[in-house]
Amino acid sequence: MTADGVYVYAILRAGTRLPKGVGGVGSPPARLRMIRQGPLGAVISDAPPQLRARRRDLLAHQDLLMRLADDGPVLPMRFGMVAPDEATVLNQLAAAESAHAATLDRLAGHIEINVKALPAQDALATLVAEEGNVRRLREAVRRHPGYEASLRLGEAISAALTRRAAAAGRRMLSELEPGARAVAAGPEVAGCALNVSFLVDHGAADSFLDGARRFAQAHREHVELRLAGPLPCYSFVSLEARPATVSVGGE
């Protein structure tokens with residue numbers, strides 16, 4: 001898409017320093033600058049004339065946010081946030097000053113870790129051994145091969161894999177949630193039984209990830225966990241992000 005105006009990366013405390021040697025989106029990388037309104041600041045650059053979600057720009061956006069977080073809490077903007085001009089950004093900072101300041105206080109010292117739970121695709125032998133319905137349908141296909149029988153078997157395998165992944169996801173959530181300050185359910189992802197993010201103390205990130213990896217190894221016959229983090233706290237910018245249990249479907 002064609003973009004004009006200013007590209008907005010983050011809202012933060014006015015005293016936060018811009019990291020050295022880091023550029024923004026675009027080619028060549030845009031020069032970053034800080035604008036301030038009272039106790040708040042925003043990191044911006046000129047918006048590229050042709051802004052697209054290229055890998056280089058996505059990485060530049062996220063790397064900048066993580067570098068900024070080394071110096072204090074950050075309200076990260078999603079990739080592609082463009083404002084008409086600096087005045088618009090400053091007006092927004094002024095209008096939402098108290099809300100932004102409260103969110104920065106809440107996120108201080110924390111990072112986000114995202115966990116996606118997917119069906120374990122390399123566990124067919126265990127699935128057949130533990131799922132009586134799948135075992136019976138498989139035996140039926142062997143005795144009387146055919147399209148309908150194979151279709152029923154495929155559907156049963158898919159349903160069982162998803163159910164087992166969702167059940168493992170619930171167990172994972174109950175084990176990991178005590179180590180997080182807050183939990184936020186992510187958007188539905190095709191083929192994913194659970195998509196959830198945890199707000200974790202920065203100093204506890206390695207321990208949290210180790211715990212998630214141990215769970216994944218112990219339950220590899222039921223679920224595949226994909227871990228991402230540390231990340232900017234995208235899922236916890238809203239003041240409505242809750243320190244509550246996420247409901248996981250797939251009974």
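Counting from 1, the numbers follow the sequence of the chain as shown. Values below: every heavy atom of this structure, side chains too, minus hydrogens, waters and symmetry copies.
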Worksheet item: Relative to each other, are the rings of His61 and Tyr7 parallel, tilted or perpendicular (30° and 60° limits)?
Response: perpendicular
Discussion item. If you define the side chain from C-beta out and look only at heavy atoms, does anything of Val74 sit under 4.5 Å from Tyr9?
Written reply: no
Item to complete: Among Ile, Leu, Val, Met, Phe, Trp and Tyr joined by side-chain contacts under 4.5 Å, find the other residues sharing a cluster with Leu59 and list them by chain and number.
Response: none
Worksheet item: Does a donor on one side chain and an acceptor on the other come within less than 3.5 Å for Thr16 and Asp71?
Response: no
Practice prompt. Carefully, step by step, assess Thr88 and Asn91 under the rule side chain to side chain donor-acceptor pair (under 3.5 Å).
Written response: CA-CA 5 Å; Thr88 300; Asn91 289 338; 5.6 Å; no
Worksheet item: Yes or no on side-chain contact (heavy atoms from CB on, under 4.5 Å) for Leu65 and Tyr234, after CA distance, side-chain angles and deciding distance?
Response: CA-CA 10 Å; Leu65 294 176; Tyr234 292 113; 3.2 Å; yes
Practice prompt. Could you check whether the rings of Phe215 and His219 sit parallel, tilted or perpendicular, using 30° and 60° as the cut-offs?
Written response: parallel
Worksheet item: In Å, rounded to the nearest 0.5 Å, how long is the span from CG of Leu12 to CG of Leu40?
Response: 8.5 Å
Worksheet item: Any side-chain heavy atom of Val25 sitting closer than 4.5 Å to one from Pro48?
Response: yes
Worksheet entry | Leu104 and Arg13: CA distance, side-chain angles, deciding distance, side-chain contact (heavy atoms from CB on, under 4.5 Å) verdict | CA-CA 8 Å; Leu104 286 168; Arg13 291 170 177 163; 4.0 Å; yes
Item to complete: For the pair Asp46 and Arg31, evaluate salt bridge (charged side-chain N to carboxylate O under 4.0 Å, His left out) and give the outcome as yes or no after the intermediate values.
Response: CA-CA 8 Å; Asp46 292 340; Arg31 185 178 64 84; over 6 Å; no
Worksheet entry | Polar contact flag, side-chain donor to acceptor under 3.5 angstrom, Asp210-Ser207 | no
Worksheet item: Glu112 side chain to Ser235 main-chain N or O, any donor-acceptor pair under 3.5 Å?
Response: yes
Worksheet item: So, Arg106 side chain and Phe236 main chain: donor-acceptor pair closer than 3.5 Å or not?
Response: yes
Worksheet item: Side chains of Glu177 and Glu175: does their closest heavy-atom pair fall under 4.5 Å?
Response: no
Worksheet item: Taking C-beta and beyond as the side chain, do Val196 and Asn114 meet within less than 4.5 Å on heavy atoms?
Response: no
Worksheet item: Would you say the side chain of Leu75 lies within less than 4.5 Å of the side chain of His100, judging by non-hydrogen atoms?
Response: yes
Fill in: Exercise: identify the closest heavy-atom pair between Gly38 and Ala14
O-CB, 3.7 Å
